[in-house]
Amino acid sequence: MTSRLGADISECETWSDFQDTMLAFRDELGSSEFVERATHLHGVLSSTEIVLLQIVLHEMDYAWLADELSKERTFWGVVSALDAEQLEALLLPLMRRCGYSIRLSV
């Protein structure tokens, strides 16, 4: 997903690494270019890939864009369509915000 945006997360080992890398990527691109890429990508993704994009956008403080792009889908509608890996990707940022230390297993 992130590579389709143009970001390289190959060196990320933790959720914090991922978030820092994605924020630096956004800053390097500029907000308007990032929004343009995410909007274009949203238009070509499968419904399950859209969920991952929404998670990335929320973590990057672009919840407004995630909501705008997927306004027709409710939270529970999105969650019920997730497989185990996607559900884990949704839960990781929530767990991190609750103080859990999380290491990614790739």
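Given the structure is predicted, the values throughout are model-derived calculations rather than measurements.
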(message) With a 3.5 Å distance limit and no angle check, can you tell me whether R4 reaches the backbone of L41 through a side-chain donor-acceptor pair?
(response) no
(message) I need the M60 CE to S31 OG distance, nearest 0.5 Å.
(response) 9.0 Å
(message) Can you tell me if D20 has over 12 outside heavy atoms packed within less than 6.0 Å of its CG?
(response) yes
(message) Quick check: do D17 and E11 have side-chain heavy atoms less than 4.5 Å from each other?
(response) no
(request) Kindly determine whether Y62 and R26 satisfy side-chain contact (heavy atoms from CB on, under 4.5 Å), including the steps that lead there. (result) CA-CA 11 Å; Y62 279 83; R26 178 206 61 199; 3.1 Å; yes
(request) Of all the heavy-atom pairs spanning L53 and A38, show the shortest one and how long it is. (result) CD2-O, 3.8 Å
(request) Write down the atom of A7, the atom of M22, and the distance for their closest heavy-atom approach. (result) CB-SD, 3.7 Å
(request) Please tell me if the side chains of H40 and L45 come closer than 4.5 Å, counting only heavy atoms from C-beta onward. (result) no
(message) Less than 4.5 Å apart, side chain to side chain, heavy atoms only: is that true for T14 and Q19?
(response) no
(message) Quick check: closest heavy atoms across R37 and G6, and the distance to 0.1 Å?
(response) NH1-CA, 3.9 Å
(message) Can you confirm whether W64 sits close enough to V35 that some side-chain heavy atom of one is under 4.5 Å from a side-chain heavy atom of the other?
(response) yes
(request) For F25 and L5, run side-chain contact (heavy atoms from CB on, under 4.5 Å): C-alpha distance rounded to whole Å, both residues' side-chain angles, the deciding distance at 0.1 Å, then the answer. (result) CA-CA 10 Å; F25 170 72; L5 284 169; 4.2 Å; yes
(request) Drop me the distance from D83's CG to Q86's CD, to the nearest 0.5 angstrom. (result) 4.0 Å
(message) Quick check against the 3.5 Å criterion: does E33 have a side-chain atom that pairs as donor or acceptor with the backbone of G30?
(response) no
(message) Within this structure, what is the CG-CD1 distance for the pair L82 and I55, rounded to the nearest 0.5 Å?
(response) 6.5 Å
(message) On a heavy-atom basis, which atom in F34 and which in L57 lie closest, and how many Å separate them?
(response) CE2-CD2, 3.6 Å
(message) For a quick test of reading the model, state the closest non-hydrogen atom pair linking H42 to L69 and the distance between them.
(response) CE1-O, 3.0 Å
(message) Could you measure the distance from the OG1 atom of T2 to the CG atom of L52? Nearest 0.5 Å is fine.
(response) 10.0 Å
